[in-house]
Amino acid sequence: MQMSEVMGVPVVDAGGTHLGKVTDIRLVQDGPYLEGFGNALRVDAVVVGRGGLGSRLGYVRGGVRGPWLLRVLAAVLEGRAFLVPWTEIHRTDAGFTATRRRGDLQQLRDAVGAGEAP
Amino acid sequence: MTGRRLYAALHVLDRQLIDRDGRLCGKVDDLELAETAEGTLYVSALISGPGALWYRLGGRRLGRWLREHIARTMSGVDPDPDRIPMARVSDIASAVTITLDQSVLATSAAEHWVRDHVIGHIPGSRHDADE
């Protein structure tokens with residue numbers, strides 16, 4: 001599988017509500033040790049949202065500060081995105097289904113606000 | 001969860017690839033993901049080279065056409081994108097450093113083909129620019 005096959009896949013919650021599309025994948029370097037690189041990068045969660053470009057500008061996750069107008073707009077778009085653990089994703093013919101409902105999912109801005117390094 | 005965290009699209013895709021001698025050798029166009037029997041996904045390789053970017057951006061037909069066109073017209077050039085195993089990646093920062101040599105990558109193969117078959121036939125192209 002390639003990352004491009006995961007990006008853009010539509011995601012619905014446990015109740016069938018459309019959440020958006022996969023706009024990014026969070027990787028955690030805690031996998032098996034690879035000589036020369038270190039621990040392998042594990043797919044930990046997918047970022048699901050409606051803003052394609054806005055979610056990649058780095059205003060929430062990348063520490064980008066300005067210009068302020070873009071920062072406000074992009075932060076709103078990106079902050080609304082959800083972070084869905086990969087272990088809570090089921091693959092279907094129509095895309096991905098999260099095992100939780102929308103209200104129980106963590107928003108990306110909360111994950112970053114909880115101390116995640118940008 | 002204690003390991004370093006990265007967002008693939010934000011921190012890895014489109015980053016500059018640098019070979020073991022510090023030479024630029026393409027960009028990260030895609031990631032290969034391998035799944036274990038338990039269902040855990042790991043990044044197994046970086047993908048870079050002809051057609052891979054178009055394929056990622058949704059132009060799958062265009063990506064395939066580009067690979068086929070390269071295979072047809074550029075003899076000796078591998079039309080498939082490079083698969084760089086993670087064990088050959090030494091660092092992911094503002095650029096991605098690999099332990100391979102630029103010359104073995106498909107991106108530089110196309111560049112070499114253009115040098116040998118196009119640039120090399122232009123009169124005066126066989127000497128340095130500052131001579």
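Letters A, B, ... are given to chains in the order of the sequence lines, protein chains preceding strands, and every chain is numbered from 1. Quantities reported herein were computed from a predicted structural model and do not represent experimental measurements.
Ranking B:Thr40, B:Ile92, B:Thr99, B:Asp30 against chain A, the residue ahead of the rest is B:Asp30, based on heavy-atom pairs under 4.5 Å. No other option in A:Gly38, A:Ala45, A:Gly8, A:Pro32 has as many heavy-atom pairs under 4.5 Å with chain B as A:Pro32. Ranked by non-hydrogen atom pairs under 4.5 Å with chain A, the options B:Ile47, B:Val43, B:Leu31, B:Val12 are led by B:Leu31.
Here A:Asp30 pairs with A:Arg42 in a salt bridge; the nearest charged N to carboxylate O distance falls below 4.0 Å.
In terms of modelled atom types and a separation under 3.5 Å, the side chain of B:Ser90 and the main chain of B:Thr97 share a donor-acceptor contact. Looking at A:Asp24, its side chain does come within 3.5 Å of a backbone N or O of B:Ala8 through a donor-acceptor pair. Between the side chain of A:Glu88 and the main chain of A:Pro85, no donor-acceptor pair closer than 3.5 Å is present.
For A:Leu27, the parts sitting under 4.5 Å from any heavy atom of chain B are the backbone and the side chain alike.
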